[in-house]
2 protein chains.
Amino acid sequence: MTEIPIPAPTAHQLFEKLELAIHEHQLAPGTKLGEDDIGDIYGVSRTTVRAALQTLSHQRLVEHKRNRGAFVAQPSVREAREVFEARALIEPRTAYSAAERASPEDILKLQAHIDAEHEALADGNHGRALYLSGQFHIEIAKIADQQTIETFITQLMSRSSLIVALYWQRRAAMCESHAHDALISAFADHDGPRAEELMKNHLVDLVTSLDLRNKVSAPLSLKDALSR
Amino acid sequence: MTEIPIPAPTAHQLFEKLELAIHEHQLAPGTKLGEDDIGDIYGVSRTTVRAALQTLSHQRLVEHKRNRGAFVAQPSVREAREVFEARALIEPRTAYSAAERASPEDILKLQAHIDAEHEALADGNHGRALYLSGQFHIEIAKIADQQTIETFITQLMSRSSLIVALYWQRRAAMCESHAHDALISAFADHDGPRAEELMKNHLVDLVTSLDLRNKVSAPLSLKDALSR
DNA sequence: GTGCTCAAAATTGTATACAACTTTGGTTAC
DNA sequence: GTAACCAAAGTTGTATACAATTTTGAGCAC
């Protein structure tokens with residue numbers, strides 16, 4: 001059997017791999033991300049790993065503990081509340097703008113997102129379904145054509161993904177909701193006020209489905225988590 | 001004359017130096033930030049410079065042009081509009097919360113900020129006055145006790161600083177306004193609605209004092225800008 | 001068994017070296 | 001005079017090396 005050399009990922013590609021692994025809950029909050037360990041797994045030097053980890057750290061997906069190393073971030077209960085308060089402040093208005101601007105192509109794109117989400121669910125890939133449902137919110141910001149707001153929402157979705165991993169007790173609940181379908185309908189009607197209200201309620205539903213008392217995370221070792 | 005060796009800055013210290021230099025308009029938008037140049041000036045290696053530039057890049061204070069190098073960011077007119085739209089979405093509500101929560105110590109802190117701002121103005125240090133007036137907005141987010149929102153506002157202030165450098169035709173105008181004094185008064189009265197309204201108007205005033213038609217920047221060379 | 005000491009291991013931060021890729025400017029052919 | 005081409009310089013991205021700091025753990029005293 002001939003070994004086909006896998007090209008080493010660039011720093012940015014490594015960042016994207018790790019980001020996705022965190023978003024899809026392959027890497028649980030609290031998992032240690034040793035620079036040497038990651039370098040060995042992906043065949044890159046610590047320089048490359050450090051660049052990727054720094055980017056993840058800026059996005060607050062990983063936390064650096066002084067002289068202990070990098071870990072997948074574990075948002076506190078307080079941070080969890082703040083993230084959803086911020087989303088409640090920003091996203092309804094964004095949905096309003098998106099509803100006013102949405103083109104037929106935009107609607108189709110959103111629908112495709114939902115379809116992919118359902119497909120992942122059918123495959124039992126809950127992590128991916130969760131990731132896609134987050135992307136749905138980012139797509140809305142794109143439709144609103146507000147790049148600055150979009151970067152904020154992207155950051156909030158990243159944090160939300162970690163929060164869900166830590167505090168979500170009943171994972172099935174979210175995906176069963178048809179809040180996203182209702183939003184699409186409002187977009188199709190260009191009904192800004194309705195989209196705003198739907199988004200507001202959707203976020204309230206999300207918060208109330210969290211249990212901010214208990215953490216339910218179970219950090220795995222790095223290589224166990226990445227070898228699937 | 002004995003040379004006293006200046007300790008080389010750490011990557012994070014270098015980042016802070018450059019961040020401040022940009023915020024205070026020592027480094028104009030468009031200034032090229034060569035890795036070797038900065039390394040020579042501060043006596044550090046490219047590794048350290050790259051780490052600092054990556055952080056600045058993530059904050060969108062610098063832009064990396066492919067194989068051309070790093071430059072102090074030049075927000076486009078579109079970005080300028082978006083930044084102030086985002087501020088209009090976030091800051092009034094934050095001011096409302098801050099007014100409800102402000103303690104007497106908070107008020108004193110804000111007052112001290114304004115005093116320092118006036119002092120800088122009296123010294124003719126417009127760059128520093130502008131920086132301090134930005135910090136005032138961040139202090140409000142701190143009082144509102146919303147760390148997530150605070151990071152967003154911090155990012156928006158960074159961008160605003162660049163926008164002011166590029167599009168502000170009459171620099172004196174802002175600093176003469178007493179909008180910040182009025183806000184403090186509303187905070188002292190714990191008058192949330194008034195604070196929200198004042199902030200809203202303050203932001204409108206800021207936008208209208210911009211001239212989004214012309215860029216008024218004049219990038220200097222790096223070492224000229226930093227040797228003052 | 002508990003607590004202290006010290007050495008070994010681990011980890012970070014930074015410097016240096018090097019290869020690949022662009023851009024640039026000058027030279028040459030036409 | 002113009003266009004193509006090639007070489008040189010500049011720049012980036014990554015690997016490796018090394019010093020400094022901190023954690024860890026084993027051994028020992030009590």
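Here is how names work: the chains are called A, B, and so on, in the same order as the sequence lines, proteins then strands, and each is numbered from 1.
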Check your understanding: Given the rule in the side chain to side chain contact (heavy atoms under 4.5 Å, CB included) test, do R46(A) and D36(A) qualify, once you have shown the distances and angles that lead to the verdict?
Key -> CA-CA 6 Å; R46(A) 273 186 56 227; D36(A) 282 325; 3.3 Å; yes
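Here the P atom of nucleotide dT14(C) and the CZ atom of F15(B) are 14 Å apart, to the nearest Å. At whole-Å resolution of the value, CZ in R50(A) and P in dG13(D) are 17 Å apart. Straight-line distance from the CG atom of D40(A) to the C1' atom of dA10(C): 14 Å, rounded to whole Å. Rounded to an integer number of Å, the gap from NE2 of H64(B) to P of dT12(D) is 7 Å. Computed from coordinates, the L14(B) CG to dA15(C) P distance equals 10 Å when rounded to whole Å. A straight line from CG of D36(B) to C1' of dT12(D) spans 10 Å, rounded to a whole angstrom. One atom, OH of Y42(B), and another, P of dT14(C), lie 16 Å apart when rounded to the nearest Å. Atom pair L33(B):CG and dT11(D):C1' shows a separation of 14 Å (rounding to whole Å applied).
Residue contacts shown for A51(B) are absent, as no nucleic acid heavy atom lies under 4.0 Å away.
At a threshold of 4.5 Å between non-hydrogen side-chain atoms, the residues R87(B) and L206(B) count as touching. By the 4.5 Å heavy-atom criterion applied to side chains, Q146(B) and T94(B) are not counted as neighbours. At least one side-chain heavy atom of P92(A) sits under 4.5 Å from a side-chain heavy atom of L203(A).
Between H113(A) and F136(A), the angle of the ring planes goes over 60°, which puts this pair in the perpendicular group of the 30/60° scheme.
Set against dT14(D), dA15(C), dA15(D), the side chain of A11(A) has dT14(D) as its closest nucleotide. Ranking dG13(D), dA15(C), dT11(D) by closeness to the K32(B) side chain, first place goes to dT11(D). Checking dA15(D), dT12(D), dA15(C) against every side-chain atom of E35(B), the shortest atom distance belongs to dT12(D).
Of the charged side-chain nitrogens involved, at least one lies within less than 4.0 Å of a carboxylate oxygen, so that R78(B) and E82(B) count as a salt-bridged pair.
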Look for any protein N or O under 3.5 Å of an N or O in nucleotides 17-26 of chain C and output each such pair with its distance, or none.
none

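The side chain of T48(B) contributes an N or O atom lying less than 4.0 Å from OP1 or OP2 of dA15(C).
Under the rule for a salt bridge (charged side-chain N to carboxylate O under 4.0 Å, His left out), the partners of E79(A) that lie at least two apart in sequence or sit in another chain are R60(A), R159(A).
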